[in-house]
Amino acid sequence: MAKMWAGRFSKEVNEKVNDFNSSISFDCRMYRQDIRGSIAHAAMLGKTGIIQQQEADAIIAGLKEILADIDAGKLAFDPEAEDIHMFIEAELTRRIGDAGKRLHTARSRNDQVALDLRLYLRDELETILELLHGLTAVLCDTAEEHAGTVMPGYTHLQRAQPITFGHHLMAYVWMLLRDMGRLSDCGKRMDECPLGSCALAATTYPIDREMTAALLGFGGVTANSLDGVSDRDFCVELAAALSLLMVHLSRLSEEIILWCSWEFKFIELDDAYATGSSIMPQKKNPDITELVRGKTGRVIGDLTTLLTMMKNLPLAYNKDMQEDKEAVFDAADTVKLCVSTMTPMIETMRVLPRNMRAAAAKGFINATDCADYLVKKGMPFRDAYKLTGQLVALCIEKNTTLEELPLEEYQKMDPLFDEDIYQAIDLDVCVSGRDTLGGPSRDSVLRQVKQAREKINDGK
Ligand code: ARG
């Protein structure tokens, strides 16, 4: 097929170069956005008198038909076309003749692709935010149900202090809410229409940029034509926000993997969200979470691709930038896949409070509370800390726990100890006492759930 730019050339492009150059295999997914952008552009060209109104009308009608045909599977993308922009323009001209050749007046593929990508990612952002609403809502429900379920909290993966399962889950809700904030923020900066930047130096035609921007639902227009066609920070920013989101999901995944193991057994995944082994009949594997953990590397890789691709690029458009799409599409696809699979997996998982409780009863996670007991009786914290350390060593030596150590042993260490020590180190008391703002107590978790739900609904 003759190229659109064939006029300047005396030879057909080498076949390999043609394939190498082509982006239609991956930018075809932006056909809706490309057509939307072209419809707005044609309407503007007609309105400003740059082309005749009836030509604009013919273009718009032709584009609508093309859209309907692609949607219905009646029109296939031509792999020979260089990209989606050229494919649609060529198809339009094939259908409506000369009027089609006027569509590209006062436009370049450079501002066209910058527009299409913004429109596409704007829709993706919305879908991802909706999926995150779903995930945070499920986490809030589970946290509410387990607001008072005592479990050990960890530092260095060593049992540290008692918390509640609800509190643990809510920690992820707050991370995800910040991710959602970052995503919406990135959407705000993406909300400028680059159309009218043309190839790089805008145009001499009397275009109406505000009109196209408004038709396409943008809040404004880009202020500089060079920046309009050569900035891809909206892709980088989105990939960065998605990478951080994936890092959060990978941490949650890692914990779910641990919690499913026989060593912890804090939860059990529903059979529909776990997989077996081809050789070991006893196995039930948390593959979904392992894949989320693994795919996190992929999204971080996409971010690295984008940053590295943009580094040192002179203004304005360079073909390197065609590489932006596969990376940012992959990041968005991967996140959608991970969030939509994790949400029902968490919703259906069985929580095993008795096992959490049993783990919390071991490992001296109430040692800080024992020290605090002495502090409340007047001892300076450092002394109380040291003395409790000696008590723990004694328990280890006697193969017992603080709960089971006889009062005489406590009193031998320090006469401040009394019968009420057992109450002070009771796990439920330790947890319910941690009722400060942001603490793990049942009441605090319920307050967090309420606060988070308000935030989630605010964002809707
Ligand atoms: N397929 C190209 C891309 O994705 C469209 C812009 C091409 N512009 C150009 N001057 N070659 O970046």
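As a basis for the values below, the full set of heavy atoms in this structure was taken, side chains included, without hydrogen atoms, waters or symmetry mates. Just so you know, ligand 1 is whichever comes first in the structure, and atom 1 is the first atom listed for that ligand.
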Spatial distance of atom CE (Met356) from atom OG1 (Thr164) [nearest 0.5 Å]
10.0 Å
Atom 12 (O) of ligand 1: nearest protein contact (heavy atom, Å)
Tyr317 OH, 2.4 Å
Lys/Arg-Asp/Glu bridge criterion (N-O < 4.0 Å) met for Arg109, Glu82
yes
With the threshold set at 4.0 Å, does a side-chain nitrogen-carboxylate oxygen contact exist between Asp98 and Lys101?
yes
Protein heavy atom at shortest distance from atom 2 (C) of ligand 1:
Gln322 OE1, 3.2 Å
Taking only heavy atoms of Ser23, which atoms of ligand 1 are found under 4.0 Å from at least one of them?
1 (N)
Part of Gln112 with heavy atoms under 4.0 Å of ligand 1, whether side chain, backbone, both or neither:
neither
What protein heavy atom sits nearest atom 8 (N) of ligand 1, and how far away is it?
Asn110 OD1, 2.9 Å
Cationic N near anionic O, under 4.0 Å, Glu91 to Arg94
yes
Among all the protein's non-hydrogen atoms, which is closest to atom 4 (O) of ligand 1, and how far away is it?
Lys325 NZ, 2.6 Å
Residue and atom name of the nearest protein heavy atom (relative to atom 11 (N) of ligand 1), distance in Å to one decimal
Arg109 NH2, 3.5 Å
Mind checking whether Glu82 has a heavy atom under 4.0 Å from ligand 1?
no
I'd like to know whether the aromatic ring centres of Tyr31 and Phe77 sit less than 6.0 Å apart in this structure.
yes
Please report which non-hydrogen protein atom sits nearest to atom 5 (C) of ligand 1, along with the residue it belongs to and the distance in Å to one decimal place.
Asp83 OD2, 3.5 Å
So, is the end of the Arg29 side chain (NZ or CZ) under 6.0 Å from the ring centre of Phe329 and within 45° of the ring's axis?
yes
Got a salt bridge between Arg298 and Asp330, using NZ or NE/NH1/NH2 to carboxylate O under 4.0 Å?
yes
